[in-house]
Amino acid sequence: MDDTNRGRLTKDGIRIYETRDFAGMHIAGTLAAQILDDIAPYITIGQTTGEIDRLITEWVVASGATSATIGYKGYKHASCISVNHVVCHGIPADKVLKDGDILNIDVTVIVDGWFGDTSRMYVAGKLGRKAERLIQVTHDALMLGIEAVKPGNTFGDIGHAIQSYAEAQRMSVVRDFCGHGLGRVFHAPPNVLHYGRAGTGPVLEEGMFFTIEPMINLGRPETKVLADDWTAVTRDKSLSAQFEHSVGVTADGCEIFTLSPGGLFHPTYAQV
Ligand code: MF3
Ligand code: CO
Ligand code: CO
């Protein structure tokens with residue numbers, strides 16, 4: 001089917017996909033999640049983020065999928081790897097992981113034209129107590145946001161669920177980056193804010209596909225982008241964490257397209 005005419009658009013320009021489209025998103029999302037499962041054993045002290053990305057690139061190709069990020073606005077890698085105070089869009093390089101480093105790995109693949117976008121946190125070596133709490137709160141904030149996804153709720157309800165929880169834990173929500181609609185394209189309306197007031201913003205409808213991907217900081221929320229034009233860091237150098245799922249609104253809630261096949265989404269599960 002012609003991509004641009006698929007489904008319909010709401011007055012806010014948000015595409016409403018059809019029931020049969022969930023299957024394509026499920027396949028793309030599951031592949032992205034499988035790659036994040038498979039990379040877990042390679043997150044070790046002494047490993048480089050470049051080598052992690054090299055493996056991910058290899059697996060995307062081997063699975064017959066396409067990387068959505070290679071060639072995207074000039075980006076050259078199959079993953080973003082954001083270590084410690086890097087908020088997002090960390091560029092894989094020869095940086096060596098050291099004991100206690102926490103990192104987000106973000107992978108987006110295209111399968112049969114459908115985009116699967118997910119990220120999660122990992123640790124090299126021993127997880128420190130503050131980092132563990134940050135990761136736990138960020139994970140739980142995402143899942144609380146996802147619990148707010150059902151027809152009739154609004155995008156503001158999602159942002160409010162995330163912000164009120166994170167701030168009650170004395171952490172801060174990054175404002176400079178947001179989630180996004182996706183489906184047959186990588187980034188589409190709406191901007192999915194991770195903060196906001198309940199009852200505001202567009203109303204959720206069955207058939208909307210989007211990501212929720214909160215970035216939470218231990219310190220202040222402000223970020224800056226480094227001279228490489230990609231790497232976003234916390235201005236106060238505080239630790240930052242992020243989790244991302246791609247979801248589709250169903251009649252009574254949502255389907256998470258990027259569930260971990262191995263149940264490894266949360267890093268502490270991986271240590272069991
Ligand atoms: N996957 C990221 C997101 O969640 C986007 C990365 S774009 C890149 O939207 F070019 F930096 F890879
Ligand atoms: Co995304
Ligand atoms: Co992503």
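First listed ligand is number 1; within each ligand, the first listed atom is number 1. Residue indices begin at 1 and follow the sequence shown.
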Which heavy atom of the protein is the closest neighbour of [atom], given with residue, atom name and distance?
atom: atom 12 (F) of ligand 1; value: Thr69 CG2, 3.0 Å
atom: atom 2 (C) of ligand 1; value: Asp106 OD2, 3.4 Å
atom: atom 5 (C) of ligand 1; value: Phe186 CZ, 3.7 Å

Problem - Where ligand 1 meets His180 - atom numbers and elements under 4.0 angstrom, heavy-atom basis - result: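 Selected atoms, number and element: 3 (C), 4 (O), 9 (O).
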
Exercise for the section: Within a distance under 4.0 Å of any heavy atom of Cys80, pick out the atoms of ligand 1 and give their elements. Expected result: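 So the atoms of ligand 1 that pass are 6 (C), 8 (C), 11 (F), 12 (F).
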
Give a yes/no verdict on whether any heavy atom in [X] is under 4.0 Å from an atom of ligand 1.
X: Thr108; value: yes
X: His187; value: yes
X: Glu213; value: yes

Problem - Aromatic plane relationship, Tyr75 with Trp230 - under 30° parallel, 30 to 60° tilted, over 60° perpendicular - result: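 Perpendicular, since the angle between the ring planes exceeds 60°.
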
We want to know whether [X] and [Y] form a side-chain donor-acceptor pair, criterion being a heavy-atom distance below 3.5 angstrom.
X: Thr211; Y: Asp117; answer: no
X: His89; Y: Thr231; answer: no
X: Asp94; Y: Thr48; answer: no
X: His180; Y: Glu213; answer: yes
X: Glu51; Y: Gln47; answer: no
X: Tyr72; Y: His77; answer: no

Problem - Contact check: Trp230 vs ligand 1, nitrogen or oxygen atoms, below 3.5 angstrom - result: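 Looking only at distances, the answer is no, because the N/O contact criterion of under 3.5 Å is not met.
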
Practice task
Report yes if some N/O of Asp117 lies less than 3.5 Å from some N/O of ligand 1; otherwise report no.
Solution key: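 There is such a contact, yes.
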
Handout entry: Ring-face cation of Arg175 near Tyr195 (centre distance under 6.0 Å, axis angle within 45°)
Key =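 That pair qualifies as a cation-pi contact.
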
Problem - Phe210 and its ring pair (Phe, Tyr, Trp, His ring centres under 6.0 Å) partner, picked from Phe257, Phe115, Phe155 - result: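 Exactly one candidate clears the test, Phe155.
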
Problem - Any side-chain heavy-atom pair of Ile135 and Arg120 under 4.5 Å - result: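 SC-SC contact between Ile135 and Arg120 ruled out.
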
Problem - N, O or S atoms of the protein lying under 2.8 Å from the Co ion (ligand 2) - result: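 Counting only protein N, O or S atoms under 2.8 Å from the Co ion (ligand 2), the list reads Asp117 OD2, His180 NE2, Glu213 OE2, Glu244 OE2.
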
Practice task
Answer with yes or no after comparing the ring centroid distance for Phe22 and Trp114 against a 6.0 Å cut-off, counting only values under it.
Solution key: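 No, ring centres 6.0 Å or more apart.
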
